[in-house]
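Convention: sequence-line order gives letters A, B, ...; per-chain numbering from 1.
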Amino acid sequence: NAGVTQTPKFQVLKTGQSMTLQCAQDMNHNSMYWYRQDPGMGLRLIYYSASEGTTDKGEVPNGYNVSRLNKREFSLRLESAAPSQTSVYFCASRWLSPYNEQFFGPGTRLTVL
Amino acid sequence: DQQVKQNSPSLSVQEGRISILNCDYTNSMFDYFLWYKKYPAEGPTFLISISSIKDKNEDGRFTVFLNKSAKHLSLHIVPSQPGDSAVYFCAAPRSSGGGADGLTFGKGTHLIIQP
């Protein structure tokens, strides 16, 4: 099992450009999440999908959109990138039943110039 | 307003000794807590968790203690090994009821194990 995979690993954008970060999991998990991590900060939740067909905002959703394409895939889109979105982005997944841990992907390092 | 706080950005411990990482929280509704370990350029990996109905959970060299009255938890690593050098995050579900709506994280503590 590959677990949680993310593409791309690195990306450099110019201000105003758009891009989509891809995430897929092969653990048959119901719930999927997008976090960002900035220097000196913990991870902050951007959006989540508790189950296939649902998406909800997290702590820092502004400037982002998400799509739960199917049970395996959950993408994060930046429509018009800004320097403040320079960060490392992590996708995670877990089973829906309570008190389960989340499994994280390796991250995408995004720089917006 | 951060609900999970790790007030020590870094901690240096000699190999073989005990490492103690601390975490404080403000929301008394939190019903379980998790510790994650993160190496550079990798995603966080789950280490150990504890339910609010317990005051201790142990897994090999790792033990987490929960003091609900003080809203404090700590992670003990005994004995510390070089591979334990990493950033450790304390986390809790954003709302009670199992965590489907994601986790809230502390800022992390960078543990350095010295030979």
Please tell me if the side chains of Arg94(B) and Tyr48(A) come closer than 4.5 Å, counting only heavy atoms from C-beta onward.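 The answer is yes, as the side chains (C-beta and beyond) meet within the 4.5 Å cut-off.
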Taking side chain as C-beta onward, heavy atoms only, is Phe90(A) less than 4.5 Å from Glu42(B)?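 SC-SC contact between Phe90(A) and Glu42(B) ruled out.
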Spacing of [X] atom [atom1] and [Y] atom [atom2] [to the nearest 0.5 Å]:
{"X": "Asp101(B)", "Y": "Leu45(A)", "atom1": "CG", "atom2": "CG", "value": "8.0 Å"}
{"X": "Lys38(B)", "Y": "Leu43(A)", "atom1": "NZ", "atom2": "CG", "value": "8.0 Å"}
{"X": "Arg44(A)", "Y": "Thr104(B)", "atom1": "CZ", "atom2": "OG1", "value": "10.5 Å"}

Main-chain N/O of Leu103(B) paired with Tyr33(A) side-chain donor or acceptor, under 3.5 Å: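 It does not hold such a pair.
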Does the Tyr36(B) side chain pair with the main chain of Gln102(A), one donor and one acceptor, at a distance under 3.5 Å?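 Checked: pair present.
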Can you say whether Pro9(B) sits under 4.5 Å from chain A via the side chain, the backbone, both, or neither, judging by heavy atoms?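 Pro9(B) has no heavy atom closer than 4.5 Å to chain A.
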Please state whether the side chain, the backbone, both or neither of Ala91(B) comes within less than 4.5 Å of a heavy atom of chain A.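 For Ala91(B), no heavy atom lies under 4.5 Å from chain A.
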Is it the case that more than 12 heavy atoms not belonging to [X] sit under 6.0 Å from its [atom1] atom?
{"X": "Arg77(A)", "atom1": "CZ", "value": "yes"}
{"X": "Arg109(A)", "atom1": "CZ", "value": "no"}
{"X": "Ile53(B)", "atom1": "CD1", "value": "no"}
{"X": "Met29(B)", "atom1": "CE", "value": "no"}
{"X": "Lys37(B)", "atom1": "NZ", "value": "yes"}

Relative to chain B, which of Ser31(A), Ser51(A), Pro106(A), Gly58(A) shows the most heavy atom pairs under 4.5 Å?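 The residue among Ser31(A), Ser51(A), Pro106(A), Gly58(A) with the greatest pair count is Pro106(A).
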Do [X] and [Y] share a hydrophobic cluster (ILVMFWY, side-chain heavy atoms under 4.5 Å, transitive)?
{"X": "Phe30(B)", "Y": "Leu66(B)", "answer": "yes"}
{"X": "Leu47(B)", "Y": "Ile113(B)", "answer": "yes"}
{"X": "Phe33(B)", "Y": "Leu21(B)", "answer": "yes"}
{"X": "Phe103(A)", "Y": "Phe74(A)", "answer": "no"}
{"X": "Ile20(B)", "Y": "Ile77(B)", "answer": "no"}

Would you name the heavy atoms of Ala100(B) and Ala50(A) that are closest together and state the gap between them?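 Reported closest heavy-atom pair: O-CB, 4.2 Å.
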How close do Met41(A) and Phe89(B) get, heavy atom to heavy atom, and via which atoms?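 Looks like O-CE2, 4.2 Å.
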Ring center gap for Phe46(B) and Phe104(A) short of 6.0 angstrom: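 Centroid separation for Phe46(B) and Phe104(A): 6.0 Å or greater.
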Using non-hydrogen atoms and a 4.5 Å limit, figure out which bit of Gln37(A) sits close to chain B: side chain, backbone, both or neither.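 The side chain, not the backbone.
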Need one label for Asn100(A): side chain, backbone, both or neither, based on atoms under 4.5 Å from any heavy atom in chain B.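 Answer is backbone: N, CA, C or O of Asn100(A) sit under 4.5 Å from chain B.
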